[in-house]
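Structure, as structure tokens:
For the numbers below, each heavy atom of this structure counts, side chains included, while hydrogens, waters and symmetry mates do not. Positions are given from 1 along the sequence.
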Amino acid sequence: MYPDYHMHTNFSDGHHTHDEMVYAAQASGFSEIGFSDHISLKPVAWAMDLKRLPELINLIGHIQKKSNSVTIRFGAEVDYIPGLVDQTRNLIKSMPLDYVIGSVHFIDDWNFDTDINGYNEIDIDMFYRAYFRLIGEAAQTGMFDIIGHADLAKKFAVYPSFKMQKIYEQCARIFSESGVVVELNTSGNNKPCAEFYPSVNFLEVLHHYRVPITLGSDAHVEQNIGQYFDEAINLLKSIGYKEIIGFKQRKRIPISI
Ligand SMILES: [Zn+2]
Ligand SMILES: [Zn+2]
């Protein structure tokens, strides 16, 4: 099984402990996984309590030492929040991370991936433009290794009136110039949009711009670790990808597919 770099534990909004996740991954034949609990400088219920960071750092170090059959990477899913870039950068630097996923879950103060009512009050075209501008900015900060669920705006199957091709091209060019990796996040299959993040069309553009890919299930329960990975790998191959990317201490490790 290829490494799964996106999963949550009960330190943030996941249901299981680190040990339970490792055990499940081992039973499913994974040789490498990465934990990526939510870290947000906005006070939200689904992110971890930042006071528990030392506890998390100790725990992951301990699990990395004792786990023989599964290599454990220490990742984090960190919110990109314009205006809090320096604080975010300092927080990231204070942790011995293997990789950092940068995710956009907010437009201003609207948490658009949990607060579905907000969609009735906004111009969807403007929402899409704002979202994709933010993920481009996130990449340009240079503080993230990976851009998380890069077209999350489609989660609730609400779509803009215009074609997305131009925005995909602009984003892919920024990702390529900024040197970020994009994750193929398989959890979108379970959401109203019913497809991976990013979409096939977006992935094709990313491949054209030579943007590398990681794999993430975004599991919040142990049963979802590695969900749809066979399908994801087949899709990447059909688009022309020959490798995915692993990380150790924020250095890339290519993995052939
Ligand atoms: Zn997320
Ligand atoms: Zn996540």
With side-chain hydrogen bond (donor to acceptor under 3.5 Å, both in side chains) as the rule and sequence neighbours excluded, what pairs involving residues 233-247 come up?
none

Results of ring pair (Phe, Tyr, Trp, His ring centres under 6.0 Å) for Tyr228 - residues two or more places apart only:
none

Atom pairs and distances, side-chain donor-acceptor, residues 79-87, under 3.5 Å, sequence neighbours left out:
{"from": "Asp79", "atom 1": "OD1", "to": "His105", "atom 2": "ND1", "distance (Å)": "2.9"}
{"from": "Asp79", "atom 1": "OD2", "to": "Ser40", "atom 2": "OG", "distance (Å)": "3.3"}
{"from": "Tyr80", "atom 1": "OH", "to": "Glu137", "atom 2": "OE1", "distance (Å)": "2.6"}

Whether Ser176 side chain and Ala172 backbone form a donor-acceptor pair below 3.5 Å
no

Can you pull out every salt bridge (Lys or Arg N to Asp or Glu O under 4.0 Å) where at least one residue sits in residues 209-233? Sequence neighbours excluded, please.
none

Does anything in residues 177-202 pair up under salt bridge (Lys or Arg N to Asp or Glu O under 4.0 Å), and if so which pairs, sequence neighbours excluded?
Lys154-Glu195

Taking the six-membered ring for Trp, are Tyr2 and Phe229 closer than 6.0 Å centroid to centroid?
no

Have His15 and Gln223 got a donor and an acceptor in their side chains that come within less than 3.5 Å?
no

Begin from the C-alpha positions of Asn201 and Ser199 and carry the test side-chain hydrogen bond (donor to acceptor under 3.5 Å, both in side chains) through to its verdict.
CA-CA 5 Å; Asn201 284 350; Ser199 64; 5.5 Å; no

Residue list, side-chain contact (heavy atoms from CB on, under 4.5 Å) with Ala232, at least two apart or on another chain:
Leu184, Thr186, Phe196, Leu215

Is it the case that the side chains of Gln26 and Ser69 hold a donor-acceptor pair, with the cut-off being a distance below 3.5 Å and no angle test?
yes

Which atom pairs, one a donor and one an acceptor, fall under 3.5 Å between side chains of residues 52-64 and the rest of the protein, sequence neighbours left out?
{"from": "Arg52", "atom 1": "NE", "to": "Glu55", "atom 2": "OE1", "distance (Å)": "3.0"}
{"from": "Arg52", "atom 1": "NH2", "to": "Glu55", "atom 2": "OE2", "distance (Å)": "2.9"}
{"from": "Gln64", "atom 1": "NE2", "to": "Ile72", "atom 2": "O", "distance (Å)": "2.9"}

Using a strict threshold of under 4.0 Å (side-chain N to carboxylate O), is an ion pair present between Asp98 and Arg250?
no

What is the ring orientation for His38 with His8, classed by angle as parallel under 30°, tilted 30 to 60°, or perpendicular over 60°?
parallel

Taking every heavy atom of Ile253 against every heavy atom of Lys248, the minimum-distance pair comes out as CD1-CB, 3.6 Å

Nearest heavy-atom neighbours spanning Asn185 and Ser187:
OD1-OG, 2.7 Å

Does atom CG (Asp108) have a neighbourhood of more than 12 heavy atoms from anything else shown, all under 6.0 Å?
no

The ring pair (Phe, Tyr, Trp, His ring centres under 6.0 Å) partners of Phe144 (sequence neighbours excluded) come to none

May I ask you to check whether Asn190 and Gln227 show a side-chain donor-acceptor distance below 3.5 Å?
yes

Pairs satisfying salt bridge (Lys or Arg N to Asp or Glu O under 4.0 Å), at least one member in residues 21-48, at least two apart:
Glu32-Arg73, Lys42-Asp109

Who are the side-chain contact (heavy atoms from CB on, under 4.5 Å) partners of Ala157, not counting sequence neighbours?
Tyr159, Pro192

Would you say the side chain of Leu236 lies within less than 4.5 Å of the side chain of Ile213, judging by non-hydrogen atoms?
yes

Shared ILVMFWY cluster between Val104 and Tyr119, side chains joined below 4.5 angstrom?
yes

Student check: side-chain heavy atoms of Phe30 and Ile225 closer than 4.5 Å
yes

By ring pair (Phe, Tyr, Trp, His ring centres under 6.0 Å), Phe35 pairs with (sequence neighbours left out) His18

Has Asp4 got a side-chain atom pairing as donor or acceptor with Gly226's backbone, closer than 3.5 angstrom?
yes

Atom pairs and distances, side-chain donor-acceptor, residues 120-128, under 3.5 Å, sequence neighbours left out:
{"from": "Asp123", "atom 1": "OD1", "to": "Asp125", "atom 2": "N", "distance (Å)": "2.9"}
{"from": "Asp123", "atom 1": "OD1", "to": "Met126", "atom 2": "N", "distance (Å)": "3.2"}
{"from": "Asp125", "atom 1": "OD1", "to": "Ser161", "atom 2": "N", "distance (Å)": "2.8"}
{"from": "Asp125", "atom 1": "OD1", "to": "Ser161", "atom 2": "OG", "distance (Å)": "3.3"}
{"from": "Asp125", "atom 1": "OD2", "to": "Ser161", "atom 2": "OG", "distance (Å)": "2.6"}
{"from": "Tyr128", "atom 1": "OH", "to": "Val158", "atom 2": "O", "distance (Å)": "2.6"}

